[in-house]
Amino acid sequence: MKKRSIVPYGPQHPVLPEPIHLDLVIEDEKIVEAIPSIGFVHRGLESLVQKRDFNQMVYVAERVCGICSFGHGFGYCEAVEKIMGVEVPGRAKYLRTIWFELSRLHSHLLWLGLLADGFGFENLFYQCWRIREKVLDVLELTTGGRVIFSVNKIGGVLKDVDEDMLAAVKDMLDKIELELKPIVKTFREEKTVRSRLDGVGVLTKQQAHDLGCAGPFARASGIKSDMRKMGYAAYGELDFDIITSDVGDSYARCDVRIGELFQSISIIRQAIEKLPTGDIAVPVKGNPDGEAFIRIEQPRGEAVYYVKGTGTPFINRMRVRTPTFANLAGLCETLKGADYADVGLLILTIDPCISCTER
Amino acid sequence: MDENKKAPEFENTIVQIETSELLAKAIELKKQGRRLSQACAAYCEEKLELSYSFADDENFGLLTLRLVLDKETKVTSISEIFPYAAFYENEMKELFGVNIELIEPDYKNKLYRIREEAPFLK
Amino acid sequence: MYKVKKSPWVLHYDGSSCNGCDIEVLACLTPVYDAERFGIVNTGDPMQADILLITGGINSQNEAVVKQLYDQMPRPKVVVAVGVCACTGGIFKDCYNILGGADKVIPVDIYVPGCAARPQAIIDGIVQAVELFEKRLEKHKAYVKKEKEA
């Protein structure tokens, strides 16, 4: 029998932007088992419901994670609005959709960059982040914030956009669509990139289903699940398809996310075209009394929000089930049988967001 | 644009069940091809409320099983049926002190390694 | 040793931040803001780092990790706390698992507030850290010289 040894991985590691610790059981260079231990970023922000009222909690929810910050604020607002029976005005719905897709753009670009850094293609990393800055500039122009926007509130949005801003968004989309082409070509055709991604960390459709995976990670294995098709906000009136792949390897995950980049660009264009006029928020009276589950599609996958109110300004429970939490089991499965050298890359392919996971 | 067009309604129900029924229901839902979407606990009026949500990916449905129990009541883990439930159950056990038995693997209140014991029970 | 003041290496550790400051620190190192023009290089190895950028507050589990990273860095060293969470605990101050800012565990020299801290503020913090590092280096050299003579 081969000799087994345990190699600790993380929490501080050059390839990991965030702290997660894995105990890797290895035989020679092959991973036999990966045991995750989390908790380095656990803050316990769900307990803040006792100290902040339900309006203030929007800002706490946004700080679950700085990358998908908009989505968290949005999901929490949707849940409270569902409990209170608030119908958000059409313009607010469209604005939320536009901002959501813009944050998906920046999140996916960030991920592509980190992936390139993960397999040692530094130039590509910098190119992705250069384009990402353009998205951030537009987000700053329209919301006032670069990563945390604080534009959501219960009953609508806080800021309106004018024609100049919309023109700037459209202009940016045209520009990055052009600039993305050579980068996408590099990801899709460059031999060095493909040799690091093809066939690495394969997860079959059955495995992905059995392990409860979510988001692009599951879609790359052929699971057709995209919560945006439920038609929350303005998604019901916009035209888009679910992007999937049947291969299930690291390249498929990269390919799905590249597809979603262009999909987001198309969704934003449609939303700007259809953007209705009118109010951006409705006044909200009373306190939430009741409970609701809301599911939305974050850049990293399906997120579940649970809010339970008891008729006081302080809600009883806010719970966020983030996509990375669902993908942890899938990650451990993909790591089995992988080479030690691929571990960093494979952790990156689920697009881990540790501060989401641990809250 | 069409003002009256509303997003279609999808299944999103909460069903209250007995603690002893949980395993049987979970097996039934597993056979239907459902996926455990989330599991969480809440603490309200001296009672623990456990919610296990099962998603139906084909039809965007979400069925939540609700257990209401006292602090001491023992619950059997569903990690035998849904292996990835272990993370959720360990979380509930650590943060809410829910008495869940036979979790595989059981982190023994060391998932987040917090200093306080069951901080949400206040 | 003499040239190191022109090129201090930066180690970035994410405490328990929400990632907001975390990705802004990374954004600072990429071409648009390009903090590397001040001679710094981002490294993943604490043993080779001179400046520690820490984002996020301290919780019960990463307390030991932060302390260890700080101890592993060679003298002289400078610590920059990026973002309001690393300064005081910020919005998460009242959470049960947050002990407070980074200065609960290690001595912090430069505080960069903001939620999330803007790249301009982070760059300013890095520039100040480089200046402080140069000063400390002079002191350290004088100390080493004295030790040798004695």
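In the text below, chain A, chain B and the rest are named by the order of the sequence lines, each starting its count at 1.
Proximity to chain A (any heavy atom under 4.5 Å) is shown, for C:Y96, by both the backbone and the side chain. Using a 4.5 Å cut-off between heavy atoms, A:L45 touches chain C through backbone and side chain atoms alike. If you measure heavy-atom distances from A:V60 to chain C, the contacts under 4.5 Å come from both the backbone and the side chain. Of the two parts of A:E140, only the side chain, counted from C-beta on, holds a non-hydrogen atom closer than 4.5 Å to a non-hydrogen atom of chain C.
A salt bridge links A:R321 and A:E302; the closest N-O separation between the charged side-chain nitrogens and carboxylate oxygens is under 4.0 Å. In this structure, C:R118 does not pair ionically with C:E24, as no charged nitrogen and carboxylate oxygen lie closer than 4.0 Å.
Screening A:L180, A:L261, A:I183 for a side chain to side chain contact (heavy atoms under 4.5 Å, CB included) with A:L112, the sole residue that qualifies is A:L261.
Across A:R52, A:E46, A:R63, the residue that shares the most heavy-atom pairs under 4.5 angstrom with chain C is A:R63. Options A:E62, A:Q127, A:K51, A:R130 differ in how many heavy-atom pairs under 4.5 Å they form with chain C, and the most are formed by A:K51. Annotation: maximal heavy-atom pairing with chain C below 4.5 Å, among A:I148, A:I67, A:L110, A:I354, occurs at A:I67. Between chain A and the residues C:I98, C:D94, C:N62, the largest count of heavy-atom pairs under 4.5 Å involves C:D94.
Of all residues in residues 108-116 of chain C, those placing a non-hydrogen atom less than 4.5 angstrom from a non-hydrogen atom of chain A are C:C115, C:A116.
Under the rule for a side chain to side chain donor-acceptor pair (under 3.5 Å), C:T88 has no partner lying at least two apart in sequence or in another chain.
Legend: ring-ring contact (aromatic ring centres under 6.0 Å, His included) pairs involving residues 104-130 of chain A, not counting sequence neighbours, sorted by first then second residue: A:F125-A:W129. Pairs passing the salt bridge (Lys or Arg N to Asp or Glu O under 4.0 Å) check and including a residue from residues 83-93 of chain C, sequence neighbours excluded, do not occur.
Between A:F74 and A:F100, the distance from one ring center to the other falls under 6.0 angstrom.
Here the side chain of A:R132 pairs no donor or acceptor atom with the backbone of C:A27 at under 3.5 angstrom.
For the pair C:K77 and C:F133, the cation does not sit on the ring face, since its NZ or CZ is not both under 6.0 Å from the ring centre and inside 45° of the axis.
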